[in-house]
Each structure stands twice: as C-alpha cells, then as structure tokens.
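Structure first, commentary second.
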Amino acid sequence: MTDGVSKRYDKHKKIVLSELEQSLSAISVEQVECLLHEILNARKVFFIGVGRVLLSAKAICKRLAHLGIDSHYVGEITEPAITDKDLLIVCSGSGETIFPLNIAKKAREKFGCKIVHIGSNPKGEMKNICDFMVRIPVRTKLYLADEIESQQPMTSLFEQSLLLFGDILAMLIIEHKNLDLSTLWEFHANLE
C-alpha cells in the first residue's frame, strides 16, 4: 500500500507545484507594483474574503502585521474604523461573492478608501468598485475561457496562489523597507 500512495503522492505533488508555478508566473508585475505602492502608502490595510480564501487573506494580513504594517481583516473583534486614508484588499476569485462585494461597495460609497481586488475574474461586478485588480487568472466557479486549468478540487489553486502571492509580496516589502529579518520577531505573537 505504501508504494501505491508514494507514487500517487509524488504525482499529485508535481501537479500542484506545476499549477502554482503557472499561476504565480501569470500575475502582472505592473499590478504587483501598484499593490505594493498602495500597501506602503496606506495608513491601514484591511482584507476581506470568505471561506478558504479568507484563510489565505488572514495569513497575508498577519504577515503584513509582522512587517509593521497596520493590517486587519474585516470582522475581526478588534477591527478599527476604515477611512479614506486606508486600503481594502478584496480577495475573491470570481469577484462576485456577495459578502466581499457588498463590503467593497460600502467601503467605496461611505468611506472612500482605496480598493484593490485580488481575483481571477476581471469582468465581475468588482471591476466597477475597485481602483485596480491584481489578477491571478486561475480556475474559478465561473469557468472563464482564459483561466488556467486546474486538476485540483474547486478553487484550491486560487487559494494556494493567493497565500503564496502574499508571501512573495511580503518579501518585496521586506526588501523595499530594508528590514532585518531577525528583528521581525518583535511584531510576532509571544504569548503562545
């Protein structure tokens, strides 16, 4: 049994890594530069998403906090007020998920903050709300013609790509701010 699992594990590992290489390579460097600029110039950075996408967004939010950036996810118990000096990052593959979409509408209409959509669908309702989009053009529930195919279940490739994109973004911020990695622990939780 171990031999069978070993071969199948190796096969699936190669599929996942290959798909991630393809998805991360498809992200526009210009869009990354715009996002980096907005993060570095925002007073606070907020994230919104749902389901597994929210888990990836929370991980990015936490990492930005480790870099000394005032970051929050919508709905956290200590979430502060958003203002026109802040940035809302909407994480939604389809750009049509109701909760993130409505939060973005409210943020735009009532508070005038900058809004960036990280997703796959450039033609969804989010395009009329956000300032710009960082596109990860992978398979979503919409099955758009130009999405990168995935052999993984549902939107796993988007969630994985989002998480790893956040880590790449963090490395760009570390480089930009010339941060010493050994000093970042001062922002890490220390009660566990």
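The basis for the numbers below is simple: all heavy atoms, side chains too, and nothing from hydrogens, waters or symmetry mates. Just so it is clear, the structure is predicted and the values come from calculations on it, not from any experiment.
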Would you say that [X] contacts [Y] through its side chain, given a criterion of any heavy-atom pair below 4.5 Å between the two side chains?
X: Lys141; Y: Thr97; value: yes
X: Pro137; Y: Ile148; value: yes
X: Leu40; Y: Lys177; value: yes
X: Glu21; Y: Leu17; value: no
X: Val53; Y: Leu162; value: yes
X: Thr140; Y: Glu147; value: yes

Would you find a donor on one side and an acceptor on the other, under 3.5 Å apart, between the side chain of [X] and the backbone of [Y]?
X: Glu79; Y: His72; answer: no
X: Asp86; Y: Thr83; answer: yes
X: Arg135; Y: Ile118; answer: no
X: Lys44; Y: Ala81; answer: yes
X: Ser71; Y: Val45; answer: no
X: Ser23; Y: Leu20; answer: yes
X: Asp131; Y: Ile115; answer: yes
X: Ser120; Y: Val138; answer: yes
X: His117; Y: Ser92; answer: yes
X: Asn121; Y: Ser94; answer: yes

Quick check: is [Y] connected to [X] through a chain of hydrophobic side chains (ILVMFWY, heavy atoms under 4.5 Å apart)?
X: Leu67; Y: Val32; result: yes
X: Leu64; Y: Leu36; result: yes
X: Val134; Y: Leu169; result: yes
X: Ile173; Y: Leu181; result: yes
X: Met126; Y: Phe46; result: yes

Test side-chain contact (heavy atoms from CB on, under 4.5 Å), reference Lys114, set Leu87, Ile39, Asp84, output is Leu87
Which heavy atom of [X] sits nearest to which heavy atom of [Y], and what is that distance?
X: Pro100; Y: Val50; result: CD-CG1, 3.9 Å
X: Ser150; Y: Glu19; result: OG-OE1, 2.7 Å
X: Leu163; Y: Ser56; result: CB-OG, 3.8 Å
X: Cys113; Y: Ile82; result: SG-CD1, 3.6 Å
X: Glu96; Y: Gly124; result: OE2-CA, 3.6 Å

To the nearest 0.5 Å, tell me how far [X] [atom1] sits from [Y] [atom2].
X: Ile174; Y: Leu172; atom1: CD1; atom2: CG; value: 9.5 Å
X: Glu38; Y: Ile89; atom1: CD; atom2: CD1; value: 9.5 Å
X: Lys123; Y: Met133; atom1: NZ; atom2: CE; value: 11.0 Å
X: Glu30; Y: Phe132; atom1: CD; atom2: CZ; value: 12.0 Å
X: Phe99; Y: Leu54; atom1: CZ; atom2: CG; value: 8.5 Å
X: Ile136; Y: Ser161; atom1: CD1; atom2: OG; value: 5.5 Å

Taking everything shown except Glu175 itself, do over 12 heavy atoms lie less than 6.0 Å from its CD? no
Heavy atoms of other groups near Lys106 NZ, more than 12 under 6.0 Å: no
Check Gln160, His12, Glu159 against Gln152 for a side-chain hydrogen bond (donor to acceptor under 3.5 Å, both in side chains) and give me the one that passes. Gln160
The test is side chain to side chain contact (heavy atoms under 4.5 Å, CB included); show your working for Lys105 and Glu125 and say whether it passes. CA-CA 10 Å; Lys105 284 179 184 176; Glu125 268 192 81; 3.2 Å; yes
Looking only at the side chains, is there a donor atom on one of Asn190 and His188 sitting less than 3.5 Å from an acceptor on the other? no
Please report the C-alpha distance between Val16 and Lys13 in whole Å, then the side-chain angles of each, then the deciding distance to 0.1 Å, and finally whether the side chain to side chain contact (heavy atoms under 4.5 Å, CB included) criterion is met. CA-CA 5 Å; Val16 169; Lys13 174 189 70 176; 6.0 Å; no
Passes side chain to side chain contact (heavy atoms under 4.5 Å, CB included), Thr155 versus Arg52? Steps please. CA-CA 9 Å; Thr155 58; Arg52 286 169 43 111; 5.9 Å; no
